[in-house]
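Contents: one structure, followed by commentary.
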Amino acid sequence: MLVARPAARLVLTDSVVARLKARAAAGDAAWTALKKRCDDYTTGTMYPPNGSTYPGYPNVGQGYQGDEYPPVVRALGICYRVTTDTAAQARYGEAGVRLLEAMSTPVASGGQQPSTDQGYGIRNYVVGMAFGYDWLYPALPAATKTRLVDSMNAWIDWYDQSGLIKNDPIGNYFAGYYLAKTTAALATEGENAKASAYWNDVVTRMWGQLVKPKFTSMMGGGGWPEGWGYGGRAVLYMVEALWATKTATGLDWWKELPLAREEATYARYFAWPSLKHMDDQGTIRAGIDMRPSAALFLGLATMLEQQGDTSAAVARGFAADVIAAAGDDSAPWSKFLYGDTGAAKSGYQSSSLSYFAAGPGHVVMRSSWDKTAVWGALSGGAYINAAYSGEQMFNAGGLSVVVGDQPVLMNATGWLPQNCGNTCETMVNDDSYGKSQRRLYNTFFVDDATNRYNPGQNALSPVDSNAHVERYEDRGAFVRARATGLGDQYGSPTAKPVSQFTRDVVFFRPGSFVLFDRTTVAKASADQWMSFHTPVAPRQVTTDDATQKRFDVVVGTTLVGSVRTLLPKSASTTTTTLPASMARIEVHAPVRAAAQQWLTVVSAGATLGEQTRLSSADGNVIAGDVVGVELSAPQNQVVLFSADQAATGTVSSAEYLVSQTAAEHVLVDVAPSSSGYAVTAVASGGKWRIRVSAGGALQVSGASRTLSFKVSATGAVTAGSSTPPTSTPTTPTTPTEPTPTTPTEPTPTTPTEPTPTAPTEPTPTTPSGTAQTLTFTQGVNGYTGVQDLSISSLNYSSSNPVGTVYRTNDVLLADTRRRITKALIRFDVSQIPTTATVTAATLDVTFESWVGPQTLNGNFMKTPWSYSSATLGFTSGGAGSNWTAPGIGSGDVQGPTFQFLNIDASGYQRRSIALDPGSVQRWVRSSAANQGLVLANSATGKDLRICSSEVSNAARRPTLSVTFQ
């Protein structure tokens with residue numbers, strides 16, 4: 001039975017509201033801030049979808065497909081329920097009614113079409129209207145309720161028929177749809193003739209046939225395959241739908257699916273040690289900063305508290321550390337509802353140092369919980385996002401490695417858009433769906449034309465792929481994991497260019513990752529290689545063993561890690577430069593054959609040493625079919641793998657030579673033996689001769705088949721490190737999925753980058769009265785007078801009027817692809833005498849453009865702006881006054897306009913434009929009049945980047961030349 005009115009059905013139970021009221025009465029800072037917001041919203045104008053999109057606080061417009069509406073609805077709804085001031089409550093209710101009526105504007109009168117972007121907006125419009133209907137229910141006139149019901153029904157009916165991935169629950173579109181339909185049905189039951197049918201569909205199809213079975217099998221352990229650009233909100237949508245179901249109906253679905261606990265745990269482990277970035281497996285949009293979301297952790301902590309789950313305190317404790325390290329991204333309503341400072345917190349530093357999420361097939365491992373720790377993640381599962389949604393990336397077998405906040409090996413598809421904007425987002429998209437080569441991953445590749453995505457991976461789900469993590473264990477000194485069946489992620493169900501790809505990873509704490517890969521391809525003559533993406537171009541270093549290749553990763557002057565390839569011997573390597581200073585190392589098999597074995601060591605940190613390959617061919621494996629490596633730094637460690645190509649065999653004895661030093665030894669794929677194993681270490685020619693044989697006190701680690709032991713400096717052998725028992729994962733249950741269709745995008749032409757001409761610098765001053773020219777370029781001839789930045793509508797809202805500002809990027813952004821972004825640039829011209837007469841001026845800039853033709857519009861700025869102001873952004877110049885319109889309006893500029901025309905698709909190109917001498921003259925006469933220039937690209941859907949004054953190549957920096965007498 002549903003909760004009776006006027007009580008709220010969704011989330012705001014009597015007990016929740018009572019606690020919120022107590023916090024408000026105690027002067028909780030989050031309540032004070034939220035109440036101020038609500039008071040301000042009561043004075044604002046609520047614009048319908050066809051009205052002003054970003055009208056500026058306290059006014060409210062739809063923003064991006066309605067995303068500005070729900071935070072305000074929720075704020076007003078919470079204020080309405082919590083305040084004890086009846087007059088204020090009436091104002092909040094009235095403002096909420098105005099907003100809900102604007103949101104529910106019929107399509108014929110300017111409302112949002114549900115079909116826009118395949119139904120993306122249902123997550124904003126219907127969710128906002130459902131919570132508004134429920135939380136503001138006593139304030140709603142009957143006509144408003146009817147209007148809301150009609151609008152929500154129109155959205156849901158359209159999505160039921162035509163919405164994107166409406167039958168695939170692992171995706172951000174479905175998450176929005178699920179929360180929308182669940183909350184709308186529960187909120188309007190009794191006053192909506194369709195509510196019962198909607199709820200029946202939620203119970204039987206959406207929950208019973210889709211969410212529960214597929215999240216159990218494919219998402220066990222947590223994660224979000226589309227990446228954390230989408231993941232934070234999508235996870236909260238899914239868990240909040242379970243919470244709303246509980247509060248409205250009493251059904252304990254979240255006990256049947258421990259989603260909140262698993263997601264909180266996963267996100268905690270997959271945050272980098274610095275707590276400033278999240279590891280990412282999916283799509284990242286340009287300008288998204290992948291910091292961990294405090295709003296996500298606080299929301300999950302609150303929902304866990306409502307379940308009585310003891311892990312809530314850990315989630316809340318971790319959220320506090322995230323806020324201290326990376327800030328709080330919570331909206332005011334969320335900060336008050338979820339950010340209870342009086343709730344219990346506990347530490348997490350005693351938790352295990354590794355974690356395995358069986359559903360997505362992800363393993364994460366770390367040296368400690370310190371913020372400077374070594375951290376690594378292995379992706380070993382199939383593709384579980386809806387393939388025709390296409391937001392999960394193609395990295396089965398991929399490994400990422402970080403030290404603190406410094407990557408050694410990175411997920412390039414997440415790093416690139418964060419660090420070089422729209423052009424790199426386009427580059428990633430082209431790699432995924434344009435050229436569809438899918439090269440931007442730390443995994444295996446083979447050149448085989450039978451592969452539709454040659455040389456990369458497909459989007460096959462567990463229905464058609466056996467890719468999974470087969471073994472995982474943490475023994476304290478080391479973590480061992482095996483991803484197998486990865487070959488299924490290449491080609492198609494009928495064309496198999498890779499019949500086998502098995503990746504074993506042994507992570508020796510504190511910082512060594514040993515990778516042993518076994519691959520078998522259909523085309524023996526094909527080029528095959530392993531790829532590794534580094535944050536800077538690596539430095540190749542000579543090794544004692546000429547058959548090895550070593551690449552050091554040096555950022556600035558700091559050695560942060562190294563990649564060393566030991567097998568195949570004498571591999572052919574190439575290094576490819578990528579944007580944002582990144583590079584790709586490719587390790588190619590020197591002799592082409594169907595079956596290959598690859599042995600690689602990734603070292604994290606500055607302490608590196610020699611590494612000795614162990615094999616019968618090298619003469620240091622005397623008996624046993626094993627191959628491996630001896631590591632000498634940061635401490636001595638030995639790992640040996642069964643050399644069986646199929647990765648199904650085991651060894652029961654081995655004999656090998658290693659340095660006569662103390663070391664931890666790990667043997668992988670040792671046959672279980674009821675009689676155990678004996679190990680001896682005997683000095684032989686300056687080496688330890690290690691002999692492993694059946695019959696002894698040492699035991700193999702169960703199904704993981706790992707034998708570990710320690711050899712002391714005197715040759716004493718003891719059992720290896722261990723921790724409380726860990727389990728070997730089972731293969732997830734295979735669900736049934738519809739056959740997806742993969743999106744196709746046009747393949748752009750890759751241009752050749754020209755070398756721009758360096759700007760001409762000023763010559764000595766000529767006598768007075770003679771025309772002379774000064775040329776201003778940041779960092780040239782000691783000139784440091786340029787200020788430039790970009791302002792963007794990214795993340796712009798009534799609660800974040802600044803939007804996003806890019807100050808120290810090496811590019812200036814000017815686009816309207818997904819948001820409005822404009823560039824500001826100002827040159828200090830005080831070297832020119834104030835009495836001089838300007839006769840000519842030119843501006844030279846270097847563009848980066850991969851589409852054409854394009855046009856860049858320029859204006860002289862009139863409204864003052866302050867480069868260093870914290871309020872400078874999308875609505876304000878930060879110098880005491882707002883722009884005349886968000887994003888810089890016509891009232892903020894003056895003088896003649898100018899245009900760079902016919903910018904083509906050739907990549908980097910240097911262009912020059914004449915500026916109005918009279919406008920530059922004003923700059924010379926008065927520094928206060930010098931507000932610089934604004935540059936904007938009005939072409940929708942095109943990326944245009946301008947090299948900034950911070951770009952490393954001075955020849956690409958903006959240059960102002962002024963001729964005067």
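When reading the values below, keep in mind they use all heavy atoms of this one structure, side chains included, and skip hydrogens, waters and symmetry mates. Model, not experiment: these values are computed from the prediction.
Defined by atom type and a distance below 3.5 Å, a donor-acceptor pair is missing between the side-chain atoms of Q112 and Y69. For the residue pair Q281/D279, the side-chain donor-acceptor check at 3.5 Å is satisfied. A donor and an acceptor atom, one from each side chain of R285 and Y230, are located under 3.5 Å apart. With no hydrogens or angles considered, a side-chain donor-acceptor pair links Y92 and D39 at under 3.5 Å. One side chain, T302 or R316, offers a donor N or O that lies under 3.5 Å from an acceptor on the other. In this structure, a donor-acceptor pair under 3.5 Å is absent between the side chains of E391 and N172. A side-chain donor-acceptor contact under 3.5 Å links D40 and Y57. Counting only N and O atoms by type, the side chains of N192 and Y198 include no donor and acceptor under 3.5 Å apart. For the residue pair D85 and T83, no side-chain donor N or O sits within less than 3.5 Å of a side-chain acceptor on the partner. Under the 3.5 Å distance criterion, with hydrogens and angles disregarded, no donor-acceptor pair is assigned to the side chains of T875 and N882.
In terms of modelled atom types and a separation under 3.5 Å, the side chain of S793 and the main chain of I820 share a donor-acceptor contact. Under the 3.5 Å distance criterion, the side-chain polar atoms of W31 are left unmatched by any main-chain donor or acceptor of K21. The main-chain N or O of S792 is never found under 3.5 Å from a side-chain atom of T821 such that the two would form a donor-acceptor pair. Looking only at distances, no side-chain donor or acceptor of K145 sits under 3.5 Å from a matching main-chain atom of E191. With hydrogens and angles ignored, the 3.5 Å screen pairs no side-chain donor or acceptor of S151 with any backbone N or O of R147. Between the side chain of T183 and the backbone N or O of L179, at least one donor-acceptor pair lies under 3.5 Å. With hydrogens and angles ignored, the 3.5 Å screen pairs no side-chain donor or acceptor of T249 with any backbone N or O of K246. D67 contributes no side-chain N or O that, together with a main-chain N or O of G63, makes up a donor-acceptor pair within less than 3.5 Å. Side chain of T13 to main chain of V16: a donor-acceptor pair is present (N/O by atom type, distance under 3.5 Å, no hydrogens or angles). Under the 3.5 Å distance criterion, the side-chain polar atoms of Q306 are left unmatched by any main-chain donor or acceptor of W243.
Between A260 and V239, the closest heavy-atom pair is CB-CG1, 3.8 Å. Closest non-hydrogen pair, D280 versus G227, comes out as OD1-CA, 3.1 Å. The two residues Q418 and I284 make their nearest non-hydrogen contact at CG-CG2, 4.0 Å. Across every non-hydrogen atom of M103 and P49, the tightest pair is O-CG, 4.5 Å. Nearest heavy-atom pair across A315 and L304 is CB-CD1, 4.4 Å. Here the closest non-hydrogen pair linking A343 and E305 is CB-OE2, 3.5 Å.
Atom CZ of R37 and atom NZ of K335 lie 11.5 Å apart (nearest 0.5 Å). Separation of atoms CD (E68) and OG1 (T53) is listed at 10.0 Å; rounding is to 0.5 Å. Here the OG atom belonging to S334 is positioned 8.0 Å from the CG atom belonging to D329, to the nearest 0.5 angstrom. The structure places CZ of R268 at 11.5 Å from CG of L275, a figure rounded to the nearest 0.5 Å. A distance of 12.0 Å separates OH of Y159 from OG of S115, quoted to the nearest 0.5 Å. Atom-to-atom distance recorded for R74:CZ and L34:CG is 12.5 Å, nearest 0.5 angstrom.
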Evaluation steps, side-chain contact (heavy atoms from CB on, under 4.5 Å), between S798 and Y41
CA-CA 9 Å; S798 56; Y41 288 139; 3.1 Å; yes
Quick one, W254 with R261, criterion side-chain contact (heavy atoms from CB on, under 4.5 Å). Give me CA distance, side-chain angles, the key distance, then yes/no.
CA-CA 10 Å; W254 52 13; R261 182 172 66 250; over 6 Å; no
Check the pair W199, L186 against side-chain contact (heavy atoms from CB on, under 4.5 Å), reporting the backbone distance first and the verdict last.
CA-CA 7 Å; W199 178 241; L186 295 174; 3.9 Å; yes
Applying ring-ring contact (aromatic ring centres under 6.0 Å, His included) to Y177 and W155, what does each step give before you reach the verdict?
CA-CA 10 Å; Y177 170 45; W155 275 92; over 10 Å; no
From CA spacing to verdict: side-chain contact (heavy atoms from CB on, under 4.5 Å), V235, L300
CA-CA 9 Å; V235 166; L300 291 174; 4.2 Å; yes
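In this pair, F874 and Y796 present their aromatic rings tilted. The plane angle is within the 30 to 60° band. Between F270 and Y266, the angle of the ring planes stays under 30°, which puts this pair in the parallel group of the 30/60° scheme. Between W135 and F131, the ring planes lie perpendicular to each other; the angle is over 60°, past the 30° to 60° tilted range.
Separation of the Y348 and W369 ring centroids falls under the 6.0 Å cut-off.
The shortest side-chain heavy-atom distance between P225 and M219 falls under the 4.5 Å cut-off. Put simply, the side chain of L12 reaches to within 4.5 Å of the side chain of L337, judged on heavy atoms. In this structure the side chain of R23 reaches within 4.5 angstrom of the side chain of F336, judged on heavy atoms. Considering only heavy atoms from C-beta on, R807 comes within 4.5 Å of L872 through its side chain. In this structure, the side chains of E226 and T283 stay at 4.5 Å or more apart for every pair of heavy atoms. Using a 4.5 Å cut-off on side-chain heavy atoms (C-beta onward), L794 and I288 make contact. Side-chain atoms of F318 and T265, non-hydrogen and from C-beta on, never get closer than 4.5 Å to each other. Side-chain atoms of M303 and L236, non-hydrogen and from C-beta on, do get closer than 4.5 Å to each other.
The pair K276-D405 does not count as a salt bridge, with every side-chain nitrogen at least 4.0 angstrom from each carboxylate oxygen. In summary, R291 and D328 do not engage in a salt bridge, as defined by a charged side-chain N under 4.0 Å from a carboxylate O.
A cation-pi arrangement is absent between R123 and Y237, since the terminal nitrogen or guanidinium carbon is not both under 6.0 Å from the aromatic centre and inside a 45° cone about the axis.
A side chain to side chain contact (heavy atoms under 4.5 Å, CB included) with V97 is found for exactly one of L76, L136, T144, namely T144.
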